[in-house]
**Q** 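Got a structure for you, written out below as structure tokens; questions coming shortly.
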Amino acid sequence: MEDELTPQSGGFIPPTGLLSPTLSTASSRGAAALPHPRQRALNPGGSKEDIVRRYVEETLLDVSRRYVKKFSGSDPDDGVAGYTSFIEVAKQLEEVVDMLWRSGTPFLQIPFLLKIGGDFTQYVRSFPAAPRATFHLLDKMDHCFASLLCGQDVETQEALPGFENGLRGGMTTTDMVRCRSLVETTRVLMVEIMSNDTGEDEDEDEDDNEDEDDDDDDDELGLETTANRAEPKERVAWDPDQDRIHLDAARVYEKTIVQLGNRLGDGALGSA
């Protein structure tokens, strides 16, 4: 059944039918939770393709403006509100990813997803870590890239629209090289960001300094004891949530890595 794509009065509003699948068509994809794609790819240059393209371009432009606004301060005259957290960024980018996946059109999906992936690496650096929102977005991106690389849904093995003539409808070699670079950069970045997200480092440093000062005072007063000399520092409690976050960071784009290895050779991501 074809989706109805019509611009709404008062400005461009993405049609809900394209973004939100019915319960009967929604596909279970674990953490990715992407909508089910339409049955056939959109016709190049057609009105529906134009609607999707305009929505994606305008939304990404809005994301860019709000990101810049975060650093330039508020101006009530322009009506643009800067982001206050990466959760807001991830939410808008997820909406675009959902729209692209629902479109079932590789010639739209591939260039825009590569752009979103590149923009992500810039945006995520500028906010405090937001692991849940960040990994949820990256799970979707991973699912999209991996599926587009093999021409079928990596979870359900359903053939994707636009691949009726084989993988020629998907990524070119240039696209795959760009994707490989993006994957490598993002994986290193996420490990770095999540490893630095210790939360209470400053408090722990202050406590350590206080303990050292107290020891110095004891030495000066001649009150140092064997217990003081032998007492080990208090061991930091094990945090299972932090371990899970680090594990999630190490798994970024893991499905895409497998498919890139299949297409470009086993050594394509040897450093990942």
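Position 1 is the first residue of the sequence, and the numbers go up from there.
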**Q** If you look at every heavy atom in Cys179 and Thr256, which pair is closest and at what distance?
**A** SG-CG2, 3.8 Å
**Q** Roughly how far, to the nearest 0.5 Å, is CE of Met176 from OG of Ser181?
**A** 14.5 Å
**Q** Closest heavy-atom contact between Cys150 and Gln259?
**A** CB-OE1, 3.3 Å
**Q** Roughly how far, to the nearest 0.5 Å, is CD of Glu58 from CZ of Arg65?
**A** 9.0 Å
**Q** Minimum heavy-atom separation for Arg38 to Pro161, with atom names?
**A** O-CG, 3.3 Å
**Q** Which value, rounded to the nearest 0.5 Å, describes the distance between Met190 atom CE and Phe135 atom CZ?
**A** 4.5 Å
**Q** Same cluster or not: Val188 versus Leu260, using hydrophobic residues (I, L, V, M, F, W, Y) connected whenever any side-chain heavy atoms lie under 4.5 Å apart?
**A** no
**Q** Can you check whether Leu108's main-chain N or O pairs, donor with acceptor, with Thr105's side chain at less than 3.5 Å?
**A** no
**Q** Can you check whether Leu182's main-chain N or O pairs, donor with acceptor, with Thr185's side chain at less than 3.5 Å?
**A** no
**Q** To check you understand the geometry: which heavy-atom pair defines the closest contact between Leu148 and Trp101, and what is its length?
**A** CG-CZ3, 4.2 Å
**Q** For Ala81, is there any backbone N or O sitting under 3.5 Å from a side-chain donor or acceptor partner on Arg66?
**A** yes
**Q** Side chains of Phe71 and Ser126: closer than 4.5 Å at any heavy-atom pair?
**A** yes
**Q** Please lay out, stage by stage, how His143 and Glu155 fare under the test side chain to side chain contact (heavy atoms under 4.5 Å, CB included).
**A** CA-CA 8 Å; His143 187 103; Glu155 295 293 337; 3.3 Å; yes
**Q** Are any of the side-chain nitrogens in Glu164 or Arg40 under 4.0 Å away from the carboxylate oxygens of its partner?
**A** no
**Q** For the residue pair Lys70 and Phe127, would you count it as a cation-pi contact if the rule is NZ or CZ under 6.0 angstrom from the ring centre and within 45 degrees of the ring axis?
**A** yes
**Q** Any side-chain heavy-atom pair from Gln109 and Cys144 closer than 4.5 angstrom?
**A** no
**Q** Kindly say whether Val252 contributes a backbone atom to a donor-acceptor pair with the side chain of Arg187 at under 3.5 angstrom?
**A** yes
**Q** Given the rule in the side-chain hydrogen bond (donor to acceptor under 3.5 Å, both in side chains) test, do Glu49 and Asn43 qualify, once you have shown the distances and angles that lead to the verdict?
**A** CA-CA 7 Å; Glu49 185 263 343; Asn43 294 325; over 6 Å; no
**Q** For Ser147 and Leu160, work out which heavy atoms get closest and say how close.
**A** O-CD1, 3.5 Å
**Q** Lys91 and salt bridge (Lys or Arg N to Asp or Glu O under 4.0 Å): which partner among Glu94, Glu88, Glu95?
**A** Glu95
**Q** Considering non-hydrogen atoms only, spot the tightest contact between Asp142 and Lys255 and give its length.
**A** OD2-N, 3.2 Å
**Q** Tell me which one of Ile51, Leu100, Leu61 satisfies side-chain contact (heavy atoms from CB on, under 4.5 Å) with Val56.
**A** Leu100
**Q** Donor-acceptor pair, distance only, cut-off 3.5 Å: does the side chain of Ser195 make one with the backbone of Val191?
**A** yes
**Q** In terms of hydrophobic clustering (I, L, V, M, F, W, Y; side-chain heavy atoms under 4.5 Å; direct or indirect links), are Val183 and Val154 co-clustered?
**A** no
**Q** Check whether the side chains of Thr172 and Asp175 place a donor and an acceptor atom closer than 3.5 Å, and report yes or no.
**A** yes
**Q** Given the side-chain rings of Phe112 and Phe107, with only the six-membered ring counted for Trp, is the space between their centroids under 6.0 Å?
**A** no
**Q** Kindly indicate, with the supporting measurements, whether the criterion side chain to side chain contact (heavy atoms under 4.5 Å, CB included) is fulfilled by Leu60 and Leu93.
**A** CA-CA 8 Å; Leu60 293 182; Leu93 292 180; 3.9 Å; yes
**Q** Taking C-beta and beyond as the side chain, do Asp248 and Pro131 meet within less than 4.5 Å on heavy atoms?
**A** no
**Q** Please answer whether the main-chain N or O of Gly46 pairs with a side-chain N or O of Asp50 as donor and acceptor at a distance below 3.5 Å.
**A** no
**Q** Quick one: does Leu137's side chain get under 4.5 Å of Val89's, heavy atoms only?
**A** no
**Q** Got a second to check how far Asn262's CG is from Ile257's CD1, nearest 0.5 Å?
**A** 12.0 Å
**Q** Where does the angle between the aromatic ring planes of Tyr253 and Phe145 fall among parallel (under 30°), tilted (30 to 60°) and perpendicular (over 60°)?
**A** tilted
**Q** What I want to find out is whether Arg102 reaches Asp98 closely enough, with some N-O distance under 4.0 Å, to be called a salt bridge.
**A** no
**Q** I'd like to know if Val177 and Leu167 are part of one continuous hydrophobic network [Ile/Leu/Val/Met/Phe/Trp/Tyr, side-chain heavy atoms within less than 4.5 Å].
**A** no
**Q** Measure the spacing between NE2 of His36 and CG of Asp153 and express it to the nearest 0.5 Å.
**A** 7.5 Å
**Q** Say you draw a straight line from CD1 of Ile110 to CZ of Arg178; how long is it, rounded to the nearest 0.5 Å?
**A** 10.5 Å
**Q** What orientation do Tyr67 and Tyr123 show, parallel under 30°, tilted 30 to 60°, or perpendicular over 60°?
**A** tilted
**Q** Check the surroundings of atom CD1 in Ile87: do more than 12 heavy atoms from other residues, nucleotides or ligands lie under 6.0 Å from it?
**A** no
